[in-house]
Amino acid sequence: MHGAVLKFKSIKGTRDILPDESHRWQYVEQAIRSVMHRFNYKEIRTPVFEETSLFARGIGELTDIVGKEMYTFIDRSETSLTLKPEMTASVMRAYIQNNLGEQQPLVKVYYLSPMFRQERPQAGRLRQFHQYGAEATGGTSARIDAEIIALAMEVYEALGIKNIELRINSVGCPECRPHYKEILKEYLGKVYDKLSPESQRRLEQNPLRILDSKDEKDRELTRDAPLMLDHLCKECAAHFNELQDSLRLLHRTFTVDGRIVRGLDYYTKTAFEIISSDLGSQDALAGGGRYDKLVEELGGKPTPSVGFAAGIERLLMVMEHQQIAIDNDIHPDVFIAAPDDEGRRWALAAAMTLRHAGIPCEIDLLDRSLKAQMREADRQHARFVLVAGASELQQNAAQLKDMRTGEQRTLTLSNLPVELKELQRDSGKTQ
RNA sequence: GUGUCCAUAGUUCAGUUGGUUAGAACGCCAGGUUGUGGCCCUGGAGGUCGUGGGUUCAAGUCCCACUGGACACCCCA
């Protein structure tokens with residue numbers, strides 16, 4: 001090592017997904033896509049950044065996300081841009097911009113994408129993290145809410161995840177929420193002095209939050225506090241009843257939790273969370289709800305919508321915790337080992353022939369000894385090793401070794417791909 | 001943004017009241033007779049002890065700062 005070595009490191013709160021774990025990601029991504037497909041949701045991809053004002057407007061100026069967590073920067077043309085901290089605002093922007101609602105009345109889309117929030121990292125929380133989610137735009141029926149919830153739950157079931165809990169609530173609408181807020185403020189105002197400093201601060205800005213406090217004393221004080229659920233307007237109450245009815249039709253068990261508060265301003269009526277006890281303090285696997293005012297807030301025609309977002313890192317954490325095995329099936333079926341130079345020259349071309357024939361194949365590219373090549377083949381979990389040196393090639397032949405049984409026999413090279421294809425099929429059956 | 005704990009080979013860790021050339025396991029590489037993996041045996045490579053200051057005759061070991069990590073608060077996926 002010479003000279004000053006400047007060590008580059010990944011940015012705080014970001015991490016690499018390394019070759020040994022990427023298959024886990026591919027596996028869950030494939031499961032997610034498969035479920036989305038069955039529910040007839042189509043993928044939407046939006047840019048990683050947007051105009052800052054889209055998020056400020058869509059998520060809410062007073063939210064933590066907008067207030068202190070966004071990655072915002074000024075580009076060379078003096079425009080303020082922000083790396084997306086969540087997807088819903090972007091999706092609704094795309095919905096409006098591309099007139100998706102004009103082509104069909106109900107638009108169902110899903111996404112799978114990195115998100116960015118500048119928070120202090122901890123278990124289940126990164127600065128760049130990955131979410132998948134879905135949005136159904138264009139309908140008011142609580143049956144759509146139920147479908148979205150069922151869809152979110154389905155992914156966990158498809159992956160064999162256990163011990164998750166579904167909690168639902170209604171956060172009301174612009175009709176009934178303001179009334180309720182006043183009632184709650186009045187109730188909490190009486191015990192203001194006893195509230196935690198955090199909650200005192202919250203009383204004006206976001207009194208609903210206080211119900212969700214982790215502080216023991218706050219919990220005690222709010223035990224009998226009035227809940228939104230008991231102050232819903234007629235429409236919201238009916239919607240919430242229909243939601244529960246729909247969930248029962250789908251045989252989904254749920255608990256009604258009047259204290260669920262969503263962090264984003266745009267929610268109306270339905271709010272839900274999917275919780276796992278196998279996570280740390282950040283125990284929400286997924287969260288979502290209805291946001292009937294967002295589209296018009298962003299300048300579109302009034303259009304109701306429901307959706308959810310779920311974290312992939314947290315999903316993987318739970319799977320790991322529950323020891324759900326994910327096989328890594330990325331390995332060569334055949335390793336071509338060459339004992340001499342002539343073998344090496346042949347192997348280079350032979351490997352390509354096999355690959356073109358659809359057989360995953362590896363060769364030694366480091367001029368290693370035959371023993372080292374065998375070791376490598378074993379490490380890579382190659383099912384077969386093909387050994388061919390000058391002497392075999394002269395006979396137009398090669399040795400084929402079955403790495404599981406250790407048996408070895410001579411193969412004729414003329415129909416090599418065909419023979420290996422057969423072996424590949426046979427071993428596939430027995431696996 | 002706040003708090004607590006932490007930072008030694010590729011990885012997981014040990015390192016005695018500060019005292020000579022910093023260790024182990026696993027991994028990696030090479031051998032164990034001719035061209036054959038796993039198990040076993042032998043040997044080898046690999047660390048300016050996160051970075052920068054300070055205290056001391058002497059610092060991986062003590063002090064400070066910075067950076068990074070883990071966890072929790074806030075909040076959220």
Side-chain angles (χ1 to χ4, degrees), chain A residues 1 4-15 18 20 59 62-69 85-88 111-133 152 196-199 201-202 206 209 212-215 260-264 273-276 279-288 307-318 335 337-340 342-343 364 366 368-392 398-408:
Chain A
M1 277 332 136
V5 183
L6 206 168
K7 275 203 175 162
F8 288 107
K9 289 193 293 192
S10 60
I11 303 301
K12 183 191 191 76
T14 68
R15 47 164 309 214
L18 298 171
D20 276 346
I59 300 169
L62 295 178
T63 60
D64 280 18
I65 292 180
V66 174
K68 54 186 194 189
E69 295 171 3
E86 58 106 46
M87 264 304 266
T88 304
Y111 57 83
L112 187 64
S113 168
M115 306 291 165
F116 307 85
R117 292 183 201 172
Q118 189 164 359
E119 298 182 89
R120 190 80 164 252
Q122 75 182 73
R125 176 192 290 163
L126 291 167
R127 267 130 86 140
Q128 173 173 342
F129 58 104
H130 298 78
Q131 287 187 333
Y132 63 91
S196 65
E198 269 311 330
S199 289
R201 190 180 53 75
R202 284 187 283 221
N206 197 348
R209 268 263 98 79
D212 203 30
S213 176
K214 286 181 186 172
D215 185 280
I260 290 177
V261 184
R262 304 266 73 221
L264 293 65
E273 285 179 357
I274 298 172
I275 306 295
S276 166
L279 284 169
S281 182
Q282 310 304 320
D283 60 356
L285 271 171
F308 80 94
I312 297 187
E313 281 85 357
R314 290 183 188 180
L315 172 57
L316 285 165
M317 281 169 75
V318 171
F335 190 102
D340 53 35
E342 203 170 326
D364 172 59
L366 298 175
R368 285 177 283 189
S369 68
L370 185 61
K371 188 190 180 86
Q373 292 180 54
M374 293 302 292
R375 204 171 29 240
E376 185 62 30
D378 186 53
R379 183 175 19 225
Q380 303 259 346
H381 298 116
R383 181 64 213 282
F384 298 101
V385 173
L386 209 51
V387 186
S391 53
E392 284 90 353
Q399 301 293 319
L400 179 77
K401 179 163 184 171
D402 184 326
M403 292 297 272
R404 246 184 251 170
T405 62
E407 283 165 25
Q408 188 164 311

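Just so we're on the same page: letters track the sequence lines, and every chain starts at 1.
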Distances for protein N/O vs nucleotides 26-33 of chain B N/O pairs under 3.5 angstrom?
from, atom 1, to, atom 2, distance (Å)
C28(B), OP1, R379(A), NH1, 2.4
C29(B), OP1, R379(A), NH2, 3.2
A30(B), OP2, R375(A), NH2, 2.6

Below 3.5 Å between N/O atoms, which protein atoms pair up with nucleotides 11-13 of chain B? Just atom names and distances, please.
none

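Side-chain contact check for I274(A) versus F308(A): every heavy-atom pair is 4.5 Å or farther apart. Annotation: side chain of R375(A) is not in contact with side chain of R368(A) (no heavy-atom distance under 4.5 Å).
One atom, NE2 of H381(A), and another, C1' of G37(B), lie 11 Å apart when rounded to the nearest Å. The separation between F384(A) atom CZ and G37(B) atom P is 18 Å, rounded to whole Å. In this structure, D340(A) places its CG atom 15 Å from P of U34(B), rounding to the nearest Å. Computed from coordinates, the K12(A) NZ to A7(B) P distance equals 17 Å when rounded to whole Å. Counting to the nearest Å, the P atom of C75(B) and the NZ atom of K68(A) are 7 Å from each other. Rounded to whole Å, atom C1' of C66(B) lies 11 Å from atom NZ of K9(A).
Figure legend. C5(B) is base-paired to G69(B); pairs are counted as Watson-Crick or G-U wobble with both atom distances under 3.5 Å. With a cut-off of 3.5 Å on both pairing distances, the Watson-Crick or G-U wobble partner of C62(B) is G54(B). Base pairing annotation: A24(B) forms a Watson-Crick or G-U wobble pair with U12(B), both donor-acceptor distances under 3.5 Å. Partner assigned to G38(B) is none, using Watson-Crick or G-U wobble distances below 3.5 angstrom. For U17(B), there is no paired base (Watson-Crick or G-U wobble, both distances below 3.5 Å). Under the Watson-Crick or G-U wobble criterion, with both distances below 3.5 Å, A45(B) has no partner in any strand shown.
With hydrogens and angles left out, the side chain of R117(A) and the base of C75(B) share no donor-acceptor pair within 3.5 Å.
Between A77(B) and U8(B), the two C1' atoms lie 36 Å apart (nearest whole Å). Atom name C1', nucleotides A14(B) and U51(B): the rounded distance is 24 Å, in whole Å. Across U16(B) and G23(B), the matching C1' atoms stand 13 Å from one another, rounded to whole Å. Atom name C1', nucleotides G47(B) and G15(B): the rounded distance is 14 Å, in whole Å. Comparing the same atom, C1', in A45(B) and in C62(B) gives a spacing of 34 Å after rounding to whole Å. Atom P of C26(B) sits at a distance of 11 Å from the matching atom of C39(B), rounded to the whole Å. U42(B) and G27(B) are spaced 14 Å apart, taking the P atom of each and rounding to whole Å. Straight-line distance between the C1' atoms of G46(B) and A25(B): roughly 15 Å, to the nearest whole Å.
At least one donor-acceptor pair under 3.5 Å links the side chain of R117(A) to the backbone N or O of P85(A). Remark: the backbone N or O of A123(A) is not paired with any side-chain donor or acceptor of Q282(A) at under 3.5 angstrom. For R314(A) (side chain) and G124(A) (main-chain N/O), a donor-acceptor pair under 3.5 Å exists by modelled atom type. With hydrogens and angles ignored, the 3.5 Å screen pairs a side-chain donor or acceptor of Q373(A) with a backbone N or O of A338(A). For the pair R383(A) (side chain) and M403(A) (backbone), a donor-acceptor distance under 3.5 Å is absent. Counting only distance, with no hydrogens or angles, the side chain of E313(A) and the backbone of H130(A) share a donor-acceptor pair below 3.5 Å.
Of the residues near RNA chain B, G287(A) and Q118(A), the one whose nearest nucleotide (by heavy atom distance) lies more toward the 5' end is Q118(A).
When distances run from any side-chain atom of Q408(A) to the nucleotides G1(B), U36(B), A77(B), the shortest one goes to U36(B). The listed nucleotides are A72(B), G38(B), A70(B); the one nearest the side chain of P121(A) is A70(B). The Q282(A) side chain lies nearest to C73(B) when the options are U36(B), C73(B), A77(B). Listed nucleotides: C75(B), U36(B), C73(B). Nearest to the side chain of R120(A): C73(B). For R125(A), counting side-chain heavy atoms from C-beta on, the closest listed nucleotide (C75(B), G35(B), A72(B)) is C75(B). Closest contact between the side chain of R209(A) and the listed nucleotides G68(B), U36(B), C75(B) involves C75(B).
Among the protein residues, G13(A) comes within range of the sugar-phosphate backbone only, with heavy atoms under 4.0 Å from sugar or phosphate atoms but none that close to a base. The residue G133(A) sits apart from the nucleic acid: no heavy atom pair falls under 4.0 Å. Within the nucleic acid shown, A286(A) comes within 4.0 Å of sugar-phosphate atoms alone, with no base atom in reach, counting heavy atoms only. Within 4.0 Å (heavy atoms only), E119(A) reaches at least one base atom of the nucleic acid. E392(A) comes within 4.0 angstrom of a base, heavy atoms only. Residue contacts for L285(A): at a heavy-atom cut-off of 4.0 Å it reaches the sugar-phosphate backbone alone, with no base atom in range. Backbone-only engagement by R202(A) is indicated by non-hydrogen atom pairs under 4.0 Å involving sugar-phosphate atoms exclusively. If you check every strand for non-hydrogen atoms under 4.0 Å, G406(A) touches a base. Heavy atoms of L126(A) sit under 4.0 angstrom from at least one base atom.
No more than 12 heavy atoms of other residues, nucleotides or ligands lie within 6.0 Å of CD1 in I11(A), so this atom counts as exposed by the packing criterion.
Between C73(B) and Q122(A), a contact under 4.0 Å exists linking OP1 or OP2 to a side-chain N or O. Contact check, K401(A) against G37(B): no side-chain N or O comes under 4.0 Å of OP1 or OP2. Between S281(A) and C73(B) there is a side-chain polar atom (N or O) within less than 4.0 angstrom of OP1 or OP2.
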